[in-house]
Student: 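Input: one structure, supplied below.
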Amino acid sequence: MTGARSAPAPALAVVGATGAVGSVVLRILSQRADIWGEVRLIASGRSAGRILTVRGQECEVLALTEDAFEGIGEGDVALFLTPAEISARWAPAVVMRGAVAVDQSAAFREDPEVPLVVPEVNAPAVRARPRGIVAGPDCVTAAMIAALGALHAEYGLADLTVSSYQAASAAGRAGSDVLRRQLSLVAGTSLGEQTGDVRRAVGEDSGPFAAPLALNVVPWSGELREGGWSSHELAVRAQVRRVLHLDALPVAVTCVQVPVLTGHSLSVRARFEAEADASRAREVLEAAPGVVVVDDPSAGEFPTPVDAAGTDPAWVGRLRRSLDDPHSLEFFVCADNLRNGAALNATRIAELIAGEFA
């Protein structure tokens, strides 16, 4: 596939092109400035041969093998929208060819030689990549980090408490499919009024979730770690610290799965070194890249996931100063977990890298 530019343009390999995030990346590539030469689509063997449309042109999906990266090298970028074990194997192989790997999995997020980048917050970090790999945060961290970064620059973040309300699609198509099946089983019934009735209706069909999701919330995401914390909660804590360069920041996270298809929501309490003013904080957020303020409760205007779905920014509202602490602000955030939380961040990182070779 050839771009419209006359000068040579970098190639972009999209690994995991047929997955939930990959599908969003392909839409984004067709909507943003066309800086790429060839766009090469790569996925598992079972998806090989599929024809997908990118930038108005048809492109065949290649199986993930060494041959799929033939010709990808110096000045090119490979996006990995794959499980961590796939990224861990193939991202270094792409780097060996001279390309830069951008990974959206957890494989490299805690590697000190791999920058963890959110372009709205720490774009310069993309240039320091001794392993040739750049990582993006998970979709919970991505949803709030632009707002937190802007407020930190103004007031100095000192403490953070977050509860996330996570959409089923964060678990990929399997998560969305399970929620849809469960909703079809409980729709039009009186289920949810007696203990165990929803569990009996959905049976063993819990999919990637620890309990039924329809008519329910599940306060768990990840694997069990010491002290009763989940791996996902600890990961969000570590990612916020890395992106904001606050290695000792106190962070408490509770991850909750909710029966929403697309769009994470977060309830945030942030304590700052300086006294915080809600009016000034609103001005800071209104000027922050990647953030839109929707905050007029008297008119019923506040962020909800169904409104944020399919949009680029993080939606911030319910902004108020804590009643008992003038140094603390409380607010609510919603963002499309597939687009804002993964696909768009990865695409923007790739564009930053491509700009180095322009």
Side-chain angles (χ1 to χ4, degrees), residues 10-26 28-29 36 39-44 62 64-66 68-69 72-143 145 170-172 222 231-232 235-236 238-243 337-357:
L12 178 70
V14 182
V15 187
T18 59
V21 177
S23 299
V24 179
V25 164
L26 300 191
I28 289 172
L29 291 175
W36 303 105
V39 174
R40 190 174 303 184
L41 308 185
I42 302 171
S44 65
L62 305 178
L64 179 55
T65 65
E66 288 285 353
F69 297 104
I72 300 294
E74 188 73 29
D76 298 328
V77 180
L79 288 185
F80 283 86
L81 315 169
T82 53
E85 61 272 18
I86 302 298
S87 296
R89 175 185 174 188
W90 288 99
V94 168
V95 172
M96 289 291 291
R97 292 176 173 269
V100 178
V102 177
D103 181 42
Q104 271 300 130
S105 81
F108 303 101
R109 286 176 183 151
E110 297 185 24
D111 188 327
E113 294 189 311
V114 175
L116 184 65
V117 176
V118 178
E120 296 91 339
V121 180
N122 64 338
V126 78
R127 293 180 176 270
R129 44 177 191 269
R131 293 192 61 184
I133 302 171
V134 180
D138 76 355
C139 44
V140 171
T141 304
I145 202 67
S231 58
H232 194 184
V236 172
Q239 291 167 56
V240 169
R241 287 174 157 190
R242 283 202 70 193
V243 173
N337 53 292
L338 298 179
R339 189 175 180 96
N340 169 284
L344 187 61
N345 195 75
T347 302
R348 284 174 170 163
I349 292 172
E351 290 171 350
L352 286 175
I353 296 166
E356 298 176 20
F357 305 110

Student: Kindly state each residue pair satisfying side chain to side chain donor-acceptor pair (under 3.5 Å) with at least one member in residues 10-19, sequence neighbours excluded.
Tutor: T18-S47
Student: Going by atom type alone, with no hydrogens or angles, which donor-acceptor pairs under 3.5 Å involve a side-chain atom of residues 90-100 and a protein atom two or more places apart or on another chain?
Tutor:
from: R97; atom 1: NH1; to: F69; atom 2: O; distance (Å): 3.4
from: R97; atom 1: NH2; to: E66; atom 2: O; distance (Å): 3.1
from: R97; atom 1: NH2; to: E66; atom 2: OE1; distance (Å): 3.3

Student: List the atom of L41, the atom of A17, and the distance in Å for their closest heavy-atom pair.
Tutor: CB-CB, 3.9 Å
Student: Residues in side chain to side chain donor-acceptor pair (under 3.5 Å) with R242, at least two apart?
Tutor: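 Applying side chain to side chain donor-acceptor pair (under 3.5 Å) to R242 gives none.
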Student: With sequence neighbours excluded, tell me which residues meet side-chain contact (heavy atoms from CB on, under 4.5 Å) with E113.
Tutor: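 With sequence neighbours excluded, E113 shows a side-chain contact (heavy atoms from CB on, under 4.5 Å) to D111, P130, R131, given in chain and number order.
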Student: Could you pull out the closest heavy-atom pair between A88 and A107, with the gap in Å?
Tutor: N-CB, 4.1 Å
Student: Just to verify, what does A106 make a side-chain contact (heavy atoms from CB on, under 4.5 Å) with, not counting sequence neighbours?
Tutor: R109
Student: Partners of A238 by side-chain contact (heavy atoms from CB on, under 4.5 Å), sequence neighbours excluded?
Tutor: none
Student: Identify all side-chain donor-acceptor contacts of residues 72-81 below 3.5 Å with residues at least two apart in sequence or on another chain.
Tutor:
from: D76; atom 1: OD1; to: A11; atom 2: N; distance (Å): 2.8
from: D76; atom 1: OD2; to: G73; atom 2: N; distance (Å): 2.9

Student: Evaluate Q239 against I145 for side-chain contact (heavy atoms from CB on, under 4.5 Å), listing each step before the verdict.
Tutor: CA-CA 9 Å; Q239 291 167 56; I145 202 67; over 6 Å; no
Student: Give me the atom names and distance for the closest heavy-atom approach of P137 to A142.
Tutor: CG-CB, 4.2 Å
Student: For D103, which residues count as a side chain to side chain donor-acceptor pair (under 3.5 Å) partner, sequence neighbours excluded?
Tutor: S87, S105
Student: Partners of R40 by side chain to side chain donor-acceptor pair (under 3.5 Å), sequence neighbours excluded?
Tutor: E38
Student: Is it the case that more than 12 heavy atoms not belonging to E110 sit under 6.0 Å from its CD atom?
Tutor: no
Student: Who pairs with D138 by side chain to side chain donor-acceptor pair (under 3.5 Å), at least two apart in sequence or on another chain?
Tutor: T141, H232
Student: Donor-acceptor pairs under 3.5 angstrom involving side-chain atoms of residues 342-353: please list them, not counting sequence neighbours.
Tutor:
from: N345; atom 1: ND2; to: V117; atom 2: O; distance (Å): 3.1
from: T347; atom 1: OG1; to: A343; atom 2: O; distance (Å): 2.8
from: R348; atom 1: NH1; to: E120; atom 2: OE2; distance (Å): 2.4
from: E351; atom 1: OE1; to: R32; atom 2: NE; distance (Å): 3.3
from: E351; atom 1: OE1; to: R32; atom 2: NH2; distance (Å): 2.8
from: E351; atom 1: OE2; to: R32; atom 2: NE; distance (Å): 2.9

